[in-house]
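This report concerns only the one structure given below.
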There are 2 protein chains.
Amino acid sequence: MPFDGKAFIIGGMALHHHHERGGEDLLKAAKATLQKAGEQWTDMRAVIFDVLAEHSKPASAYDIADLVSRRRGKRVAPNSVYRILDLFVTTNLARRVESANAYVANSHPGCLHDCIFLICDECGIATHLDNDDLSASVREAAQVAGFVNLRPMIEVRGKCSNCD
Amino acid sequence: MPFDGKAFIIGGMALHHHHERGGEDLLKAAKATLQKAGEQWTDMRAVIFDVLAEHSKPASAYDIADLVSRRRGKRVAPNSVYRILDLFVTTNLARRVESANAYVANSHPGCLHDCIFLICDECGIATHLDNDDLSASVREAAQVAGFVNLRPMIEVRGKCSNCD
DNA sequence: CGAATAATGATATATTGTAACCTTCGCCGA
DNA sequence: TCGGCGAAGGTTACAATATATCATTATTCG
């Protein structure tokens, strides 16, 4: 498993750091990840990923369709966006925020986690946490119950410190 | 906080038992809970709760609208159902399963938990776990991040042992 | 090049969720 | 008793999210 940071333990929690990736860098990482998965990095996909990555909060497929349409000067239908978002989710380039019917770019495409989203009811911004201990516990509980092919989703709705 | 079971510790996990509530019993408990919250227990609400409780898997508002319409021999519009489901959710008579856009009756209306749903991709049945340690950890993580008014949702998609 | 495959476009439709306004009915005080 | 108020539900319209199908264009690869 590739791992682009340092790992250490604080207060019983396994944590690790990610490099913060911005624009160019992130695009390249996304491209590399998609291609490694045997998929093409097309113009459409690049634009959609970029729009998603620029967006400050989870974006619905329709939001993205609008933004992409504007950027390309030509209407892009939501179903095209859905197709690509689905691909992004399965290849870990993006994640779906179930409680918001929306998507966020994964800023560390190569790095695989169950993650936790904190979504502010007020401003809509989603904060992303990784806590592998916690998600391991959730997985374990599901496994004990006899489930397989687990895909956990842990989201917390609430009010962020900015809006409080 | 009312608590209708016994509490004990196994393997570091705080667990407790619920009485299993079936038909009549559950209806009465739901009615009591709603009235204690200062809300009316109407025919419509009773029927919707009953339909939801009978349903073996999470039911969409539209599913419920159909079932209720059939039972009452008269069309009930989805928006009426939504209103009542929202009320049920806020009063803890039912829960929304975000990853399925659907609702389940709470079989212990008086008892308040963050809970974990395991939803089978195959058969659609949702298994309900309570694990207060786990949900406490999730709440804590969100709190540390500065969030307030927390409403955690923990769901695991996968395949249940029956369908495996 | 040319066939096969992958990606996207276009269109239609299904599903899920809200908004606005109206009617009914029970309750409560004058 | 009457009148009015508020809660619940009805009706209609519409918005937002998601999928299905088939046609067209682009890429890959022999």
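The sequence lines fix the lettering, A, B, ..., with proteins before strands; numbering per chain opens at 1.
For the pair A:Tyr82 OH and C:dG9 C1', the interatomic distance rounds to 17 Å; values are reported in whole Å. Rounded to an integer number of Å, the gap from CG of B:Asp63 to P of C:dT16 is 7 Å. Atom CD in B:Glu39 sits roughly 16 Å away from atom C1' in C:dG26 (whole-Å rounding). At whole-Å resolution of the value, CZ in A:Arg45 and P in D:dA26 are 15 Å apart. Distance B:Arg75 CZ to D:dT11 P: 8 Å, rounded to the nearest Å. Atom-to-atom, CG of B:Asp86 to P of C:dT16 comes out at 15 Å; the value is rounded to the nearest Å. Residue A:Leu87 contributes atom CG, which lies 17 Å from atom C1' of D:dT19 at whole-angstrom precision. B:Met44 has its CE atom 15 Å from the C1' atom of D:dT11, to the nearest Å.
The side chain of A:Ala77 lies closest to C:dT11, out of D:dT12, C:dT11, C:dA6. Counting only heavy atoms from C-beta on, B:Arg96 has its side chain closest to C:dG17 among C:dT8, D:dT17, C:dG17.
Aromatic ring orientation, A:Phe88 versus A:Trp41: parallel (interplanar angle below 30°, classes split at 30° and 60°).
If you chain together hydrophobic residues whose side chains sit under 4.5 Å apart, B:Met153 and B:Val156 never meet in one group. Both B:Leu26 and B:Met44 are members of a single hydrophobic cluster when ILVMFWY side chains are connected at heavy-atom separations under 4.5 Å.
At a threshold of 4.0 angstrom between heavy atoms, the contacts of A:Arg83 include nucleobase atoms, whether or not backbone atoms are also involved.
Phosphate proximity of D:dG9 to B:Arg72: absent, as no side-chain N or O sits under 4.0 Å from OP1 or OP2. Residue A:Tyr62 places none of its side-chain N or O atoms closer than 4.0 Å to OP1 or OP2 of D:dT17. OP1 or OP2 of D:dG10 sits under 4.0 Å from a side-chain N or O of B:Ser80. One finds a side-chain N or O of A:Thr42 lying less than 4.0 angstrom from the OP1 or OP2 phosphate oxygen of C:dT8.
Nearest-nucleotide positions on DNA chain C place B:Ala100 closer to the 5' end than the other of B:Ala100 and B:Asn79.
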Please step through side-chain contact (heavy atoms from CB on, under 4.5 Å) for the pair B:Arg45 and B:Glu39, ending with a clear verdict. CA-CA 10 Å; B:Arg45 290 173 185 187; B:Glu39 300 286 347; 3.8 Å; yes
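Open room surrounds CD on B:Glu140; 12 or fewer heavy atoms of other groups in view lie less than 6.0 Å from it.
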